[in-house]
**Student:** 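Pasting in a structure now, in structure tokens, and then I'll have a few things to ask.
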Number of protein chains: 2
Amino acid sequence: MNKTADEKVLQQPHNHQHCMTQALQSAEKICTDKGVRLTAIRKRILELICSSHKAIGAYELLDLFRKEDMKAKPVTIYRALDFLMEAGLVHKIESLNAFIGCLQAETQHQSVILICDNCKNAFELDASSVYKTIFAMSKEKQFTPTTLTIELHGLCDSCS
Amino acid sequence: MNKTADEKVLQQPHNHQHCMTQALQSAEKICTDKGVRLTAIRKRILELICSSHKAIGAYELLDLFRKEDMKAKPVTIYRALDFLMEAGLVHKIESLNAFIGCLQAETQHQSVILICDNCKNAFELDASSVYKTIFAMSKEKQFTPTTLTIELHGLCDSCS
DNA sequence: AATGTAATGTTATATTATTACATTTAGTAT
DNA sequence: ATACTAAATGTAATAATATAACATTACATT
Ligand SMILES: [Zn+2]
Ligand SMILES: [Zn+2]
Ligand SMILES: [Zn+2]
Ligand SMILES: [Zn+2]
């Protein structure tokens, strides 16, 4: 991808090829460290997800993947997604039933996902302090927290 | 419902009949104020949702509703849910594809939903300060926020 | 009563996700 | 190298969630 084809994301123009390379390298490292296998299917599906910062649905992904592997079925995608989510390489956006690649999979992070309802670009904002507050609030109610989902819809800079 | 049948919710035993009565009264008031109609179907579906504090799916609701109205279809439920959500009487839990009644529909509130993964009871915790923080963070990224979803899974007091 | 709008009825279909079981592949032990 | 084992994939079917399109009915206003 050349410079003129760069997307504008995170309110910053950026060389998106770098995101891809980085994501794939992280993936290799994480899987090696965890002792799990980043197979061809899993890797390709991660590439497809990371080919933009837009949230993508499982069936959109299936359509793309089928261009290269006609025999792919929904479960092919869902299995890969489960694996990639388990490894922290991909996140599900619950309010969209769609998925994004994580740009900081190697780093422990607690994030809010900002989702542009116009262009569907989605990115994570680190928000550990917010997590801390919410966990504390829940514990005051004798609640034992496990997973926190925070999704903010709106319009990104380019779309507003 | 008698006292012994009271549920334990919000880490507090409570007379659940009161929740129901309160929710229905609020609903009447809100709909009157907004000039919209709380029809028999909508009211009954609200009652079914509010009959416990457990998150309930649209098709579970359909099964219950069909006991009284055999000809009900999925769209019957989804229309009522859309209406009730629009009126702020019901919230959708995105991470469960399920719904809960709101206990504070008359009051403007910004909440985190705590969801017990064991008993499925879900309740709202007011968290305006958290909303404020997240909105501010997003604005720093030139993001124009609209809707914020915060869902915390875990175990409630009774289940942990 | 005539009119217009909102609500509901009815049928069909779209979208998202999982289950079950067979087969293949890849790593491990012999 | 061979046999074994567990993980991954293939394949088919189906479950679960949600919406579209159009006809009919009920309700409010005149
Ligand atoms: Zn990029
Ligand atoms: Zn945008
Ligand atoms: Zn109650
Ligand atoms: Zn519980």
Side-chain angles (χ1 to χ4, degrees), chain A residues 27-28 30-46 48-49 54-66 68-87 89-100 115 120 149 151, chain B residues 27-28 30-46 48-49 54-66 68-87 89-100 115 120 149 151:
Chain A
E28 299 283 8
I30 286 165
C31 292
T32 302
D33 290 358
K34 290 186 64 173
V36 295
R37 294 166 51 207
L38 187 64
T39 61
I41 292 177
R42 291 163 174 176
K43 186 171 170 180
R44 184 59 187 137
I45 288 172
L46 179 60
L48 290 171
I49 293 171
K54 295 187 196 306
I56 186 169
Y59 281 76
E60 285 178 82
L61 221 34
L62 177 58
D63 288 343
L64 295 176
F65 189 72
R66 272 187 167 150
E68 297 149 18
D69 180 350
M70 299 92 81
K71 65 184 176 308
K73 305 281 187 305
V75 74
T76 310
I77 306 300
Y78 282 105
R79 281 170 178 160
L81 287 170
D82 285 347
F83 173 87
L84 295 168
M85 286 190 290
E86 170 67 23
L89 297 164
V90 160
H91 301 304
K92 179 174 187 180
I93 300 178
E94 298 289 351
S95 55
L96 285 181
N97 297 318
F99 304 85
I100 55 169
I115 302 146
K120 302 298 173 204
T149 299
E151 299 174 3
Chain B
E28 299 284 9
I30 286 166
C31 292
T32 302
D33 290 358
K34 290 186 64 172
V36 295
R37 294 166 49 206
L38 187 65
T39 61
I41 291 176
R42 291 163 173 175
K43 186 171 170 179
R44 185 59 188 136
I45 288 172
L46 179 60
L48 290 171
I49 293 170
K54 296 187 196 304
I56 186 169
Y59 281 76
E60 284 178 83
L61 222 32
L62 177 58
D63 288 343
L64 295 176
F65 189 72
R66 272 189 167 149
E68 297 149 18
D69 180 351
M70 298 91 83
K71 66 185 174 307
K73 304 284 186 303
V75 75
T76 310
I77 306 300
Y78 281 104
R79 280 169 177 161
L81 286 171
D82 286 346
F83 174 88
L84 295 168
M85 285 190 290
E86 169 67 26
L89 298 164
V90 161
H91 302 304
K92 179 174 186 180
I93 300 178
E94 297 288 352
S95 54
L96 285 181
N97 297 319
F99 304 85
I100 55 169
I115 303 146
K120 302 299 173 203
T149 300
E151 298 174 2

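By convention in this document, chain letters (A, B, ...) are assigned in the order of the sequence lines, proteins followed by strands, and residues within each chain are numbered from 1. Values reported hereafter were calculated over all heavy atoms of this structure, with side chains retained and with hydrogens, waters and symmetry mates removed.
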**Student:** Take the protein atom CG of A:Asp63 and the nucleotide atom P of C:dT16, then report the distance between them rounded to whole Å.
**Tutor:**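 Answer to the nearest Å: 11 Å.
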**Student:** Can you give the dot-bracket line for DNA chain D, using ( ) for pairs inside the strand, [ ] for pairs that cross earlier ones, | for pairs with another strand and . for unpaired bases, where Watson-Crick and G-U count if both distances are under 3.5 Å?
**Tutor:** ||||||||||||||||||||||||||||||
**Student:** Do A:Lys43 and A:Glu28 touch side chain to side chain, with heavy atoms closer than 4.5 Å?
**Tutor:** yes
**Student:** Please figure out whether A:Lys73 or A:Tyr59 has its closest DNA chain D nucleotide nearer the 5' end.
**Tutor:** A:Lys73
**Student:** Are the side chain of A:Lys34 and the backbone N or O of A:Thr32 linked by a donor-acceptor pair below 3.5 Å?
**Tutor:** no
**Student:** If the condition is side-chain contact (heavy atoms from CB on, under 4.5 Å), which residues does B:Thr39 pass it with, not counting sequence neighbours?
**Tutor:** B:Arg37, B:Ile41, B:Arg42
**Student:** Calculate, to the nearest 0.5 Å, the distance between atoms NE2 and CD belonging to A:His91 and A:Glu151 respectively.
**Tutor:** 11.0 Å
**Student:** Return the CG to CD1 distance between A:Leu64 and A:Ile45, rounded to the nearest 0.5 Å.
**Tutor:**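 That separation rounds to 10.0 Å.
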**Student:** Could you list by number each residue of residues 91-98 of chain B showing a heavy-atom separation from DNA chain D of less than 4.0 Å, or answer none if no residue does?
**Tutor:** B:Lys92, B:Asn97
**Student:** Taking atom CZ of B:Arg44 and atom OG1 of B:Thr76, what is their separation to the nearest 0.5 Å?
**Tutor:**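 Here the rounded value is 14.5 Å.
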**Student:** Would you say B:Lys73 and B:Leu62 make side-chain contact, with heavy atoms under 4.5 Å?
**Tutor:**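 No. Closest side-chain heavy atoms not under 4.5 Å.
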**Student:** Starting at the 5' end of DNA chain C, which residue's closest nucleotide do you reach first, A:Gly57 or A:Val75?
**Tutor:** A:Gly57
**Student:** Is the closest side-chain heavy-atom distance between A:Ile56 and A:Leu48 below 4.5 Å?
**Tutor:**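 A side-chain contact is absent here, since even the closest heavy-atom pair is not under 4.5 Å.
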**Student:** In Å and rounded to the nearest 0.5 Å, what is the CG to CD distance from B:Asn97 to A:Glu94?
**Tutor:** 8.0 Å
**Student:** Taking the side chain as C-beta and beyond, is there a heavy-atom pair between A:Ile100 and A:Lys54 under 4.5 Å?
**Tutor:**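 With C-beta onward as the side chain, the pair stays apart.
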**Student:** Find out whether A:Leu84 and A:Phe99 are in side-chain contact, i.e. whether some heavy atom of one side chain is under 4.5 Å from a heavy atom of the other.
**Tutor:**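 No; the side chains remain at least 4.5 Å from each other.
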**Student:** Measure CG/B:Asp69 against P/C:dA7 and give the value in whole Å, please.
**Tutor:**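 Result: 17 Å.
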**Student:** Would you mind reading off the distance between A:Ile56 atom CD1 and C:dA17 atom P, rounded to a whole angstrom?
**Tutor:** 13 Å
**Student:** Rounded to the nearest 0.5 Å, how far apart are CG of A:Leu89 and CD1 of A:Ile30?
**Tutor:** 4.5 Å
**Student:** Among residues 31-43 of chain A, which residues get a heavy atom nearer than 4.0 Å to DNA chain D?
**Tutor:** A:Arg37, A:Thr39, A:Ile41, A:Arg42
**Student:** Measuring only between side-chain heavy atoms, which start at C-beta, is B:Leu81 closer than 4.5 Å to B:Ile49?
**Tutor:** yes
**Student:** Using side-chain heavy atoms (C-beta onward) and a distance below 4.5 Å, is B:Tyr59 in contact with B:Ile77?
**Tutor:** no
**Student:** Is there a residue in residues 77-86 of chain A whose heavy atoms reach under 4.0 Å of DNA chain C, and which residues are they?
**Tutor:**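 Output list: A:Tyr78, A:Arg79.
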**Student:** What range of DNA chain D does chain B touch, first nucleotide to last, counting atoms under 4.0 Å from its heavy atoms?
**Tutor:**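 Nucleotide range with atoms under 4.0 Å of chain B: D:dT17 to D:dC27.
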**Student:** Quick one: pull up CD1 in B:Ile93 and OG1 in A:Thr149 and give me the separation to the nearest 0.5 Å.
**Tutor:**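 If I round to the nearest 0.5 Å, the distance is 11.0 Å.
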